[in-house]
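Everything on this sheet refers to the single structure shown next.
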Amino acid sequence: MFYISCPAKKTASLNQTSTMSTCSVDRNCRLVKVLLTARETVTHNGTNYSQIGVKVGSNMLASRVFNASSLAALTQESLTVASNDLIAGDVLNIEYDFSASGLALDCDLTLVFEPSREF
């Protein structure tokens with residue numbers, strides 16, 4: 001297994017979808033776990049909320065929406081990961097998306113990979 005840490009911070013232009021970070025994959029592998037940790041508490045909001053998504057191309061591999069539950073500062077949360085093989089040269093996009101006027105986020109993601117046995 002190997003791990004890559006990516007920042008996921010969005011404090012301005014909260015009503016614009018954007019890339020918060022990217023992660024280049026240098027070998028054939030599989031994303032097996034995404035751990036989310038907030039640097040500051042993210043208080044959920046049913047109307048003005050945000051989402052962190054881990055995508056490869058248009059394929060969503062993992063996401064967290066802050067519309068129904070908060071995330072306390074320095075608390076780790078494991079996200080559900082859609083099964084997907086990655087190949088050398090793939091680029092993961094850590095994407096911010098929003099509803100209404102959005103919500104500021106200050107988090108980190110730890111991406112956990114396992115080498116592919118098929119290649």
Side-chain angles (χ1 to χ4, degrees):
M1 296 228 184
F2 60 99
Y3 305 80
I4 298 175
S5 180
C6 295
K9 184 172 183 172
K10 180 77 169 179
T11 57
S13 301
L14 299 178
N15 58 351
Q16 295 179 5
T17 299
S18 64
T19 296
M20 294 189 286
S21 189
T22 61
C23 175
S24 298
V25 177
D26 69 346
R27 64 194 82 175
N28 298 337
C29 60
R30 178 179 293 249
L31 180 66
V32 293
K33 188 181 288 188
V34 176
L35 302 172
L36 172 67
T37 306
R39 293 181 203 160
E40 299 175 3
T41 297
V42 180
T43 304
H44 74 282
N45 186 303
T47 303
N48 301 307
Y49 58 88
S50 297
Q51 173 179 319
I52 294 174
V54 179
K55 300 172 82 173
V56 60
S58 61
N59 189 12
M60 183 73 74
L61 303 180
S63 67
R64 171 57 151 94
V65 181
F66 293 95
N67 63 343
S69 63
S70 301
L71 181 60
L74 305 178
T75 301
Q76 178 179 284
E77 181 176 302
S78 184
L79 306 183
T80 301
V81 177
S83 178
N84 195 12
D85 287 323
L86 303 169
I87 59 172
D90 279 346
V91 176
L92 300 179
N93 179 26
I94 312 305
E95 184 178 85
Y96 170 88
D97 202 0
F98 67 96
S99 175
S101 60
L103 184 67
L105 300 175
D106 190 3
C107 302
D108 289 297
L109 296 176
T110 301
L111 308 175
V112 182
F113 301 88
E114 66 181 16
S116 177
R117 291 174 173 76
E118 297 178 16
F119 299 98

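Values below: all heavy atoms of this structure, side chains included; hydrogens, waters and symmetry mates excluded.
When all heavy atoms of Tyr49 and Phe66 are compared, the pair lying nearest together is CB-O, 3.2 Å. Between Ala72 and Ala38, the shortest heavy-atom contact is O-CB, 4.0 Å. Of all heavy-atom pairs spanning Ala100 and Thr47, the tightest one is CB-O, 3.4 Å. Among all heavy-atom pairs drawn from Ile4 and Cys23, the shortest one is CD1-SG, 3.5 Å.
Of the residues listed (Leu79, Val112, Leu111), the one engaging Lys33 in a side-chain contact (heavy atoms from CB on, under 4.5 Å) is Val112, and it is the only one.
Side-chain contact between Cys29 and Pro115: absent, with no pair of heavy atoms (C-beta onward) separated by less than 4.5 Å. Arg64 places a side-chain heavy atom less than 4.5 Å from the side chain of Ser69. The closest side-chain heavy-atom distance from Leu109 to Ile94 is below 4.5 Å. Taking the side chain as every heavy atom from C-beta outward, Leu86 and Val56 approach each other to under 4.5 Å. Taking the side chain as every heavy atom from C-beta outward, Val42 and Cys107 approach each other to under 4.5 Å. Val54 places a side-chain heavy atom less than 4.5 Å from the side chain of Leu31. Looking only at side-chain heavy atoms (C-beta outward), Tyr96 and Thr17 stay at 4.5 Å or farther from each other. Looking at Leu36 and Leu71, their side chains come closer than 4.5 Å, going by heavy atoms from C-beta outward.
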request  = Carefully, step by step, assess Lys9 and Thr11 under the rule side chain to side chain contact (heavy atoms under 4.5 Å, CB included).
outcome  = CA-CA 7 Å; Lys9 184 172 183 172; Thr11 57; 3.8 Å; yes
Pair Arg30-Val81, side chain to side chain contact (heavy atoms under 4.5 Å, CB included): steps then yes or no = CA-CA 10 Å; Arg30 178 179 293 249; Val81 177; over 6 Å; no
message = Test side chain to side chain contact (heavy atoms under 4.5 Å, CB included) on Glu95 and Ile52; report intermediate values, then the result.
response = CA-CA 6 Å; Glu95 184 178 85; Ile52 294 174; over 6 Å; no
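Between the CG atom in Asp97 and the CG atom in Asn15 there is a gap of 11.0 Å [rounded to 0.5 Å].
In the hydrophobic clustering of this structure, Leu61 does not group with Leu35; members are Ile, Leu, Val, Met, Phe, Trp, Tyr whose side-chain heavy atoms approach within less than 4.5 Å, directly or through other members.
Between Asn93 and Thr19, the side chains place a donor N or O and an acceptor N or O closer than 3.5 Å (distance only, hydrogens not considered). Using a 3.5 Å distance cut-off with no hydrogens or angles, the side chains of Asp108 and Thr37 do not pair a donor with an acceptor. Side-chain atoms of Lys10 and Ser50 form no donor-acceptor pair, as typed in the model, at a separation below 3.5 Å. For His44 and Ser70, the side-chain atoms include at least one donor-acceptor pair closer than 3.5 Å.
Counting heavy atoms of neighbouring residues, nucleotides and ligands inside a 6.0 Å radius, atom CD of Glu40 does not exceed 12 of them.
Judged by a 6.0 Å distance limit and a 45° cone about the ring axis, Arg27 is positioned over the six-membered ring of Phe2.
Between the side chain of Asn28 and the main chain of Ala88, a donor-acceptor pair closer than 3.5 Å is present.
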